[in-house]
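Residue numbering restarts at 1 for every chain, and letters A, B, ... go by the order of the sequence lines. Atoms considered below: every heavy atom in the structure, side chains included; atoms not considered: hydrogens, waters and symmetry mates.
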Amino acid sequence: MKKIKISTTINSKKYYLDINPNVTLLDLLRDELGLTGTKRGCEIGECGACTVLINGEAVNSCLVLAPQIDGKELLTVEGLMAEGKLHPLQQSFMDHDAVQCGFCTPGMLMSSKALLDENPNPAEEEIRTAISGNLCRCTGYVQIVEAIGKVNK
Amino acid sequence: MSTQNQHKIIGKSECRVDAWGKVTGRAKFAEDYNVGHQLWGKVLRAKHPHAKILKIDTSKAEKVAGVEAVLTAKDIPGSKVFGIVVSNQAILAEDKVRYLGDGVALIAAKTEEIADEALSLIEVEYEPLLVVTDPEEAMNPETIKIHGDDNTFVHHKVRKGDVDKGFAEANFILEKKFKTQFVEHSYIEPEAVLAEPAEQGGVRVTGSVQNLFSTRRSTAAALNLPLNKVQIIQATLGGSFGGKDEAMTSMCIRAALLCLKTCKPVKMVNTREESMLESYKRHPYTLYYKWGVKNDGTITAMEIRIIADGGAYASMSPFVTWRSVVQATGPYYCDNVKTDIYAVYTNNNYTGAMRGFGSPQVNFAIESMMDILAEKVGKDPLEIRLQNGFERGAITATGQNLEHNVSLKEVLQKATAEINFQEKWKKYRSEPNTQKKRGIGLACSYRGVSLGAEGTDAVGTIISVQTDGSVIVSSGITDMGQGAQTQMSQIAAEVLGISMDRIQFLNTNTSRVPDSGPTVASRGTIMGGSAAKKAAEIVQATLLTTASEMTGLDVQSLELKDNYLIDIESGQRLASFNELAAECFKKGRPTYGFGWHKSPKTSWDEDHGQGEAYFTWVYGANIAEVEVDTETGKVDVLNFVSCHDVGKAINRGAVLGQIYGGVAMGLGYGLLEEFEIENGIPKQLNFDEYSLPTSMDVPKIKAIVVENEDALGPFGAKSIGEPANELAAPAIINAIYNATGKRIYELPANLERVLLGHKLVRPKERGSVLKEKDIQAAMHRAVYELLPDGTFYAEIPGLQGVYANAKSLEECREQLQEVLEKEVA
Ligand code: FES
Ligand code: FES
């Protein structure tokens, strides 16, 4: 297959890439760029473990073809920390026991970041809606919802 | 020594040792491991759920460029089967396939695409056999056999008193049948491993493995290698819930076979579809409960018969069903008990360990029965449980004297008080019928802690203080997300008087810690924690002896606290922990402790089903408040109370997390989840079809943690992982009854069951029975039941989906015959 050239910004770093047009964003991140923080759980857009932000919007990277990110700005879990400091969301997840096995955590963090960027003080129902596409089998969501709700409190 | 109130670290919500890695994306799960020149391993799976293999031709696949190995069963150098209790699970099927998840051949290739292409070129010739999907049909001597000459491979029993006498003493008999479903563990991380050739021969496998030591044993046996040449390393586990045991063992063995064949690293990753197709599930049970009861609500006899669908392989069925047989009567007094449980082979997915381990099924039946009983004798659900529930000194069905603090009534009282249970229960049941109806339901249980008399129960934990005062801990207990590493670290930190940030926990590696058995049965805290405490005490003793020499003070007058050596009397800091560690090193003293904890004695007499089954027990009570839409059958859980005696919460936040997560999983069990298999073919292979509870389904949950410290646990701690998961379904089912007056006998209570009382869709094609037996014979086996609403229900055991419901018995019989005739046609 003929490769195509794209340029994109991931976690504030500029990338110029030669890619197979049929590769998914999830595969590109994990297999080619070594950004394995984004997780693969179902590959059909159901579990949310692969959630990343494209221009600030939360999307399932397993459903996006890599060429679609040409010229766009991406954020993955690896980019949440800034200058060696945890993002308040990360800190809040740690403080409120919102992490168990941690496999859903990167996706949860990205979905909730998108929410908080839009709506810094969401109501519980808004939080639950924002993460309803992120499956977690461990926590029952309670402490995750708490952690998100308390970030800006 | 510190007393309970002075604990610095125990009982606090200390941050998990693994949390930082998990929120930053640094945590490495199995699929995140990659090395240069790794090959991709892939499995060719069965085409039929039950078939003889006549011929496997791999020649075309071998010729594909980029393929480095193609293996079948004949290439396995050692044992071709594995299994913890019964060794009959095929690593690769040789003579026949027994379910659709069976592997038939393996490929290692340069890329995943090449491996997939090569797979499609392997030609397998099959001779299909009759497919056995119904466990009761499987027990029939005429049914085709899946292994050996009997499909029934487990029969456990419990015998106490004389049930005939008990039934004779009863005023009336309650007899009910219950059914539960296959449940998928649904860990969000699919299975993955990376196998690498080891430098001194053998293999090193890093993977999402729950029970490393049994996986190592089976891998070594298959490869014909000694245990020291097979190293299994645990990657950070993305959930397991009992599910990453045999499913991972087979993947580890397969990757190791390819790795040794090619002398190259081999990576294997399951897609979600492969994972659901191959992995084992929670056992579906058919439960027949018969109780003899007095008018005052006393239970005079319990006769219980349970059939568990074991699927294609034995797996953990012998142990899972053993827990069920021990706990089948619930925590209720009854002098006359006769319980029999059978596990049988079918061509369904095999079934094994899943959080709860044989308790969710029996709790559903017991707690439904308890509410049925309450209704019959005109009591409320709390009264009837308080009347019949165990207290300290109770003798269980297996003859065990419960000498510890039996807190069943305490958890019942606390849970019900929290939500005003009795008042709401009375109110809801007398409310007129409207479209939306509320209801509230109660369920409670007792549960044996750790493995019990089902296995050797011992754990090793290692603590090593470095010369700069930092600490490394490792253990044979694995962390799957439940927080075992954090609990063990807290115990070590408490004993050593240091802060948690000094501790680094290593993921388990079978070559570096002793075989500690499986991390199952909620034994992580009580067993791993006890071993951690012993290890820390060894190091503590060395530190204090050295400190005594350093200061000239008595060991008794010194303590380690807040990262310092303290003179107890004056409270003065004499040296920092770091200085003390350095001093030990200077003096040539080992600041290394190996703690080994073996559980207290348990006993079991298999012939009579009597014994001290578990060394201690935990107690819990759950309450669900629901709203049922009587027009659609939709059930919303509005509120939930979950009260558990955990002995001692080592980490409060983690205990709450276990409770919340357990309730959510129990809610899925009660309302949503069902892995359906039709004629051996699974109907759900991904999360679009298999629905898990989302953040919108899980209600507000009030967790109540009761702490009656147990002398046999570290700092009094017992367990919570499984208890938290085993009561939500019956609480919800009882709440639905309270709302609608309709009792659900089959899980899950999805729309059809709540609305119609049965499942809407029927399996289309029968496997073996109908083609073989005539209608009359089948009609002879029909059983009829008078339902509470006065209508008759009939079904034929062993024929799923053949049932009828009519006003009179005769009508019901006719209808049943019609349904049956249609089936045959
Ligand atoms: S992997 Fe993308 S949604 Fe599950
Ligand atoms: S923490 Fe395990 S899936 Fe969410």
Side-chain angles (χ1 to χ4, degrees), chain A residues 30-31 34-49 76-81 86-87 89-109 124-125 127-147, chain B residues 13 15-16 18-29 31-34 185-190 236-241 269 271-273 479-483 651-654 656-665 667-668 686-688 692-698 700-701 703 724:
Chain A
R30 290 183 53 84
D31 301 342
L35 294 168
T36 54
T38 303
K39 298 300 174 207
R40 181 199 315 275
C42 69
E43 294 178 278
I44 57 163
E46 286 289 330
C47 76
T76 71
V77 68
E78 288 93 344
L80 276 178
M81 259 175 109
L86 291 177
H87 187 278
L89 247 172
Q90 292 173 308
Q91 189 62 51
S92 191
F93 267 55
M94 288 179 70
D95 294 345
H96 293 95
D97 305 289
V99 178
Q100 288 190 31
C101 84
F103 201 77
C104 70
T105 308
M108 286 285 182
L109 287 167
E124 181 175 333
E125 269 322 292
I127 298 175
R128 286 189 180 261
T129 309
I131 60 165
S132 62
N134 294 79
L135 293 176
C136 174
R137 189 59 153 170
C138 301
T139 64
Y141 308 99
V142 177
Q143 288 150 311
I144 294 176
V145 172
E146 243 170 64
Chain B
S13 293
C15 186
R16 298 173 61 106
D18 50 349
W20 188 87
K22 288 174 175 175
V23 298
T24 55
R26 300 246 185 129
K28 278 185 103 169
F29 295 84
E31 202 203 326
D32 303 338
Y33 285 86
N34 290 293
H185 299 80
S186 308
Y187 27 78
I188 309 296
E189 174 207 29
T236 295
L237 264 174
S240 181
F241 317 107
V269 180
T271 61
R272 177 62 56 187
E273 287 78 9
D479 201 315
M480 304 161 260
Q482 84 280 35
N651 186 313
R652 242 200 124 65
L656 295 179
Q658 285 296 309
I659 292 179
Y660 300 144
V663 169
M665 199 182 270
L667 183 149
N686 208 326
F687 295 137
D688 52 342
L692 294 181
T694 70
S695 54
M696 307 300 278
D697 299 310
V698 180
K700 279 203 189 327
I701 302 168

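- Ranked by heavy-atom pairs shorter than 4.5 Å toward chain A, the options B:Asn34, B:Val269, B:Thr271, B:Ile188 are led by B:Ile188.
- For B:Phe29 and A:Phe103, the ring centers are positioned less than 6.0 Å apart.
- The minimum heavy-atom distance between A:Gly140 and B:Ala664, with the atom names listed, is CA-CB, 3.6 Å.
- Residue contact with chain B, scored on non-hydrogen atoms closer than 4.5 Å, involves the backbone and the side chain of A:Leu135 alike.
- Residues passing the side chain to side chain contact (heavy atoms under 4.5 Å, CB included) test with A:Thr36, sequence neighbours excluded: A:Arg30, B:Asp32.
- Interface remark: B:Leu656 contributes backbone and side-chain atoms alike to the contact with chain A (heavy atom separation under 4.5 Å).
- Closest approach of B:Cys15 to A:Met94, counting heavy atoms only: SG-CE, 3.6 Å.
- Note on A:Lys39, A:Glu125, A:Glu43, A:His87: by heavy-atom pairs under 4.5 Å with chain B, the leading option is A:Lys39.
- In this structure, chain A has no heavy atom under 4.5 Å from any part of B:Val663.
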Working for side-chain contact (heavy atoms from CB on, under 4.5 Å), residues A:Gln100 and B:Gln658: CA-CA 9 Å; A:Gln100 288 190 31; B:Gln658 285 296 309; 3.5 Å; yes

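- For a residue to count as touching a neighbouring chain, one of its non-hydrogen atoms must lie under 4.5 Å from one of that chain's; by this rule A:Cys42 touches chain B with backbone and side chain alike.
- Scanning both residues, A:Asp97 and B:Gly653, for their nearest heavy atoms gives OD2-CA, 3.3 Å.
- Contact annotation for A:Thr139: only backbone heavy atoms (N, CA, C, O) come within less than 4.5 Å of a heavy atom of chain B.
- With a 4.5 angstrom heavy-atom cutoff, A:Met81 touches chain B only via side-chain atoms.
- Looking at A:Leu86, only its side chain comes within 4.5 Å of chain B, counting heavy atoms on both sides.
- Listed options B:Arg272, B:Glu31, B:Met696 were ranked by heavy-atom pairs under 4.5 angstrom with chain A; first place goes to B:Glu31.
- Only the side chain of B:Ile701 comes within less than 4.5 Å of a heavy atom in chain A; its backbone stays farther off.
- Here the closest non-hydrogen pair linking B:Thr24 and A:Gln90 is CA-NE2, 3.7 Å.
- Closest of all the heavy-atom pairs between A:Gly41 and B:Pro190 is O-CG, 3.8 Å.
- In this structure, no portion of A:Thr38 lies under 4.5 Å from any heavy atom of chain B.
- Atom OG of B:Ser695 is separated from atom CD1 of A:Ile127 by 10.0 Å, given to the nearest 0.5 angstrom.
- Panel note: side chain A:Tyr141, backbone B:Pro693; a donor-acceptor pair is recorded below 3.5 Å.
- No donor-acceptor pair closer than 3.5 Å links the side chain of B:Lys22 to the backbone N or O of A:Thr105.
- What you find for A:Cys101 and B:Gly239 is that their closest heavy atoms are CB-N, 3.3 Å.
- The shortest distance between side-chain heavy atoms of A:Val99 and B:Val23 falls below 4.5 Å.
- No side-chain heavy atom of B:Tyr187 sits under 4.5 Å from any side-chain heavy atom of A:Cys138.
- Taking the side chain as every heavy atom from C-beta outward, A:Arg137 and B:Met665 approach each other to under 4.5 Å.
- Between A:Glu124 and B:Lys700, at least one side-chain N (NZ, or NE/NH1/NH2) sits under 4.0 Å from a carboxylate O, which counts as a salt bridge.
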